[in-house]
Engineer: 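Structure in structure tokens, see below.
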Amino acid sequence: MQYWLVKSEPDAWSWDEQVKVGKKGTAWTGVRNHTAKLNMMKMKKGDRAFFYHSNVGKEIVGIVEIVKEAYPDPTDASAKFFCVDVAALAPLQQPVTLAAIKADKRLTEMALLKQSRLSVQPVTAAEWKLICKIGGAE
DNA sequence: GCCAACGTTGGC
DNA sequence: GCCAACGTTGGC
């Protein structure tokens, strides 16, 4: 199983909205960056991703599961980009903020810090475990 | 194919 | 609101 992190501005699509659509999930559309696209194409059904609120909040608020693997993004007229379907799995008891990640020496290599503009990025197993622990997810 | 100009993201 | 990072566009 691979781990990921996906970003969304809560004004555009928030964790609360993601929870409301339930287990069936919804299409993670609108990614218009090829590095992010390539990451999405590597995702497998059952992989998990942190849901990060960019700009407003700047914190990891929950965990989603990939419920459908990459397919052409229906919102992309050029048909160059892809999307996946994700479903909310569990919230973090305690959101893990960007500040907290920066302050933790074990997390300084995270793509979130090194490539702040990349909206879909991989997370290592070690990073995943640690953030789950800090965030109070089982 | 290079590179300057420009647009967008996202933290501060 | 500003600005750094960085991707994209368009002229040459």
Engineer: Applying side-chain contact (heavy atoms from CB on, under 4.5 Å), name anything that partners A/Leu38, two or more places apart in sequence or on another chain.
Structural biologist: none
Engineer: Report the distance from atom CD of A/Gln115 to atom C1' of B/dT9, rounded to the nearest whole Å.
Structural biologist: 13 Å
Engineer: Run A/Val31 and A/Phe81 through side chain to side chain contact (heavy atoms under 4.5 Å, CB included) and show every step you take.
Structural biologist: CA-CA 7 Å; A/Val31 173; A/Phe81 292 98; 5.5 Å; no
Engineer: Atom CD1 of A/Ile101 to atom P of B/dG10: distance rounded to whole Å?
Structural biologist: 14 Å
Engineer: Is a side-chain N or O of A/Thr108 found less than 3.5 angstrom from the main chain of A/Lys105, in a donor-acceptor match?
Structural biologist: yes
Engineer: In the hydrophobic clustering (ILVMFWY, side-chain contacts below 4.5 Å, transitive), which residues join A/Met41, or is it alone?
Structural biologist: A/Phe82
Engineer: For residues 51-70 of chain A, run the donor-acceptor check on the side chains, cut-off 3.5 Å, and write out each pair with its distance to 0.1 Å, sequence neighbours left out.
Structural biologist:
unit_1	atom_1	unit_2	atom_2	d
A/His53	NE2	A/Trp15	N	3.0
A/Asn55	ND2	A/Glu9	OE2	3.4
A/Glu69	OE2	A/Lys45	N	2.8

Engineer: Without decimals, in angstroms, what is the distance between A/Leu98 CG and B/dG10 P?
Structural biologist: 12 Å
Engineer: Using whole Å, what does the distance between atom P of nucleotide B/dC12 and atom CG of A/Leu112 come to?
Structural biologist: 10 Å
Engineer: Do the charged groups of A/Asp85 and A/Lys24 touch, with an N to O distance under 4.0 Å?
Structural biologist: no
Engineer: B/dG11 C1' sits how many Å from A/Lys114 NZ, rounded?
Structural biologist: 18 Å
Engineer: Between protein and nucleotides 3-8 of chain B, map the contacts as a letter string: B base, S sugar-phosphate only, - none, heavy atoms under 4.0 Å, written 5' to 3'.
Structural biologist: ----BB
Engineer: So, does A/Tyr52 get its side chain near the phosphate of B/dG11, meaning an N or O under 4.0 Å from OP1 or OP2?
Structural biologist: yes
Engineer: Can you list, by residue number, the residues of residues 31-38 of chain A that have a non-hydrogen atom closer than 4.0 angstrom to DNA chain C?
Structural biologist: A/Asn33, A/His34
Engineer: Could you tell me which residues satisfy salt bridge (Lys or Arg N to Asp or Glu O under 4.0 Å) with A/Lys114, sequence neighbours excluded, listed by chain and number?
Structural biologist: A/Glu109
Engineer: Rounded to whole angstrom units, what separation is found between the NZ atom of A/Lys7 and the P atom of B/dT9?
Structural biologist: 11 Å
Engineer: Check step by step if side chain to side chain contact (heavy atoms under 4.5 Å, CB included) holds for A/Ile101 and A/Met110.
Structural biologist: CA-CA 9 Å; A/Ile101 291 167; A/Met110 279 193 77; 4.0 Å; yes
Engineer: Is a side-chain donor-acceptor pair under 3.5 Å present for A/Asp47 with A/Trp4?
Structural biologist: yes
Engineer: Can you measure A/Glu59 atom CD to B/dC12 atom P for me and round it to whole angstrom units?
Structural biologist: 13 Å
